[in-house]
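A short worksheet on the structure shown next.
Heavy-atom basis, side chains included; hydrogens, waters and symmetry copies ignored. The structure displayed is predicted, hence computed values, not measured ones.
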Amino acid sequence: MASARTVIDRVLTLILVGCAVVLTTVVILRERGSERADPISEAQAVKDWRKLGEEGNRIGPVRAAVEIVEFSDFQCPFCRRSYEVLKQLRELHPERVALIYRHLPLEAVHPMAFAAATAAECAADQGTFEAFHDALFESPQRVSEAEWMMLASEVSVPDSAAFRTCLLSSGPADRVRRDMEAASGLGLRGTPTFVVNGTVLTGHRTLPEWEKVVDKAGSPGS
């Protein structure tokens, strides 16, 4: 009996290890599978893409020639790399490029990502989304309510009491879920994913690659 039980235990262990490997692989593919940069000419087109920018948080001019709707996750390392590049891109093209940030927290991989997204929405309620968005990406290790309260103070969110109350309310979480539903409706699964003037692009890109995307997207007749 002991020998049979040992065999069963070993089989169960192998099954559990196999499941863990499969799950890990799926997670990695979900987060990293979009890292490859497809040419813009081969990317998926989205009808009525301007509606995607009607929700979310805009960073940049209202009438920008190039609108980048980003579905992102504050705990995603590739999103953080893209944040750094897109900030440079917007600094180079302050009147030409606008970013519309929408949330796609991958909770199975990043358990605090949804909460971070709701905190950013609470900052947005007080007109400080961009500063809080930047702080979250620049301080990825700060992933608790206490830390977010400190970040809110550091980026000058006007009313700290209202911010704390907002963290416990349902409105910001509902907005995050709407972003997630919009992403699901487009079949988007990984982060970061971008819709640039109606064209879906997946994964992190370098600044020179983004320059090419902007030139093509913002050219007459595109």
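Using a 4.0 Å cut-off between a side-chain N of Lys or Arg and a carboxylate O of Asp or Glu, Arg102 and Glu70 do not qualify as a salt bridge. Contact check on Arg63 versus Glu95 returns no salt bridge, with no Lys/Arg side-chain nitrogen under 4.0 Å from an Asp/Glu carboxylate oxygen. For the pair Asp174 and Arg177, the salt-bridge criterion is met [side-chain N within less than 4.0 Å of a carboxylate O]. Between Glu154 and Arg142 there is a salt bridge, with a side-chain nitrogen of the basic residue lying less than 4.0 Å from a carboxylate oxygen of the acidic one. Taking 4.0 Å as the cut-off between side-chain N and carboxylate O, Glu138 and Arg80 do not count as a salt-bridged pair. Salt-bridge check for Asp159 with Arg164: failed, with every basic side-chain N at 4.0 Å or more from each acidic carboxylate O.
To the nearest 0.5 Å, atoms CZ (Phe71) and OG (Ser184) are separated by 10.5 Å. Glu84 contributes atom CD, which lies 11.5 Å from atom SG of Cys79 (distance to the nearest 0.5 angstrom). Rounded to the nearest 0.5 Å, atoms CD (Glu54) and CG (Asp48) are 9.5 Å apart. Here the NE2 atom belonging to His93 is positioned 6.5 Å from the CG atom belonging to Asp215, to the nearest 0.5 angstrom. Once rounded to the nearest 0.5 Å, the distance linking CD of Glu181 with CG of Leu104 reads 12.0 Å. The OG1 atom of Thr191 lies 14.0 Å from the CZ atom of Arg189; values are rounded to the nearest 0.5 Å.
The main-chain N or O of Val97 is never found under 3.5 Å from a side-chain atom of Arg90 such that the two would form a donor-acceptor pair. Within the 3.5 Å criterion, the main-chain N or O of Met112 finds a donor-acceptor partner in the side chain of Gln75. With hydrogens and angles ignored, the 3.5 Å screen pairs a side-chain donor or acceptor of Ser169 with a backbone N or O of Cys166. Judged purely by atom type and a 3.5 angstrom limit, Thr165 uses its side chain to pair as donor or acceptor with the backbone of Ala161. Remark: side-chain polar atoms of Thr128 are paired, donor with acceptor, to backbone N or O of Ala123 under 3.5 angstrom. In this structure a side-chain-to-backbone donor-acceptor pair under 3.5 Å is missing from Ser139 to Leu136. At least one donor-acceptor pair closer than 3.5 Å links the side chain of Asp73 to the backbone N or O of Leu106. Judged by distance alone, with hydrogens and angles left aside, the side-chain atoms of Asn197 form a donor-acceptor pair with the main-chain N or O of Glu67 at under 3.5 Å. When atom types are taken as modelled, the side chain of Arg50 and the backbone of Lys47 share no donor-acceptor pair closer than 3.5 angstrom. Proximity of a side-chain donor or acceptor of Ser144 to a complementary backbone N or O of Glu147 within less than 3.5 Å is detected.
Taking both residues in full, the closest heavy atoms of Phe129 and Ala120 are given as CD1-O, 3.5 Å, listed atom of the first, atom of the second, then distance. Minimum heavy-atom separation, Val196 to Ala217: CG1-CB, 3.9 Å. Contact record, Ala98 with Pro61: CB-O, 3.5 Å, taken as the closest heavy-atom pair. Contact between Gly203 and Phe194 at its shortest, heavy atoms only, is O-CE1, 3.4 Å.
A heavy-atom distance below 4.5 Å is not found between the side chains of Ile100 and Leu52. A 4.5 Å side-chain heavy-atom check between Leu201 and Val195 finds every atom pair outside the cut-off. A heavy-atom distance below 4.5 Å is not found between the side chains of Val69 and Trp49. Considering only heavy atoms from C-beta on, Tyr101 stays 4.5 Å or farther from Asp179 through its side chain. Residues Met149 and Ser160 are in side-chain contact: their nearest non-hydrogen atoms beyond the backbone lie under 4.5 Å apart. For the pair Arg58/Leu99, no side-chain contact is recorded, criterion being any heavy-atom separation below 4.5 Å from C-beta on. Trp148 has its side chain within reach of Phe132: a pair of non-hydrogen atoms, C-beta onward, lies under 4.5 Å apart. With a 4.5 Å cut-off on side-chain heavy atoms, Lys212 and Glu209 do not count as touching.
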Under the side chain to side chain contact (heavy atoms under 4.5 Å, CB included) rule, what do Leu188 and Val200 come out as? Steps first, then yes or no, please.
CA-CA 9 Å; Leu188 310 184; Val200 176; 4.1 Å; yes
How far apart are the C-alpha atoms of Arg205 and Arg81, what are their side-chain angles, what is the distance that settles it, and do they pass the side chain to side chain contact (heavy atoms under 4.5 Å, CB included) test?
CA-CA 9 Å; Arg205 281 169 165 73; Arg81 289 168 59 188; over 6 Å; no
Side chain to side chain contact (heavy atoms under 4.5 Å, CB included) assessment of Trp210 paired with Ile68
CA-CA 11 Å; Trp210 269 114; Ile68 302 171; 3.8 Å; yes
Is there a side chain to side chain contact (heavy atoms under 4.5 Å, CB included) between His103 and Thr118 once you walk through the steps?
CA-CA 9 Å; His103 304 284; Thr118 60; over 6 Å; no
Would Glu55 and Arg178 count as a salt bridge (charged side-chain N to carboxylate O under 4.0 Å, His left out) here? Give the steps.
CA-CA 9 Å; Glu55 294 196 51; Arg178 284 202 297 272; 3.0 Å; yes
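A donor-acceptor contact closer than 3.5 angstrom is absent between the side chains of Asn57 and Glu130.
Under a hydrophobic-cluster definition in which Ile, Leu, Val, Met, Phe, Trp and Tyr are linked whenever side-chain heavy atoms come within less than 4.5 Å, directly or via other members, Met150 and Phe74 are assigned to different clusters. By the criterion of side-chain heavy atoms lying less than 4.5 angstrom apart, applied directly or through intervening Ile, Leu, Val, Met, Phe, Trp or Tyr residues, Leu168 is not grouped with Val176; the two fall into different hydrophobic clusters.
His133 has its ring centre less than 6.0 Å from the ring centre of Tyr83.
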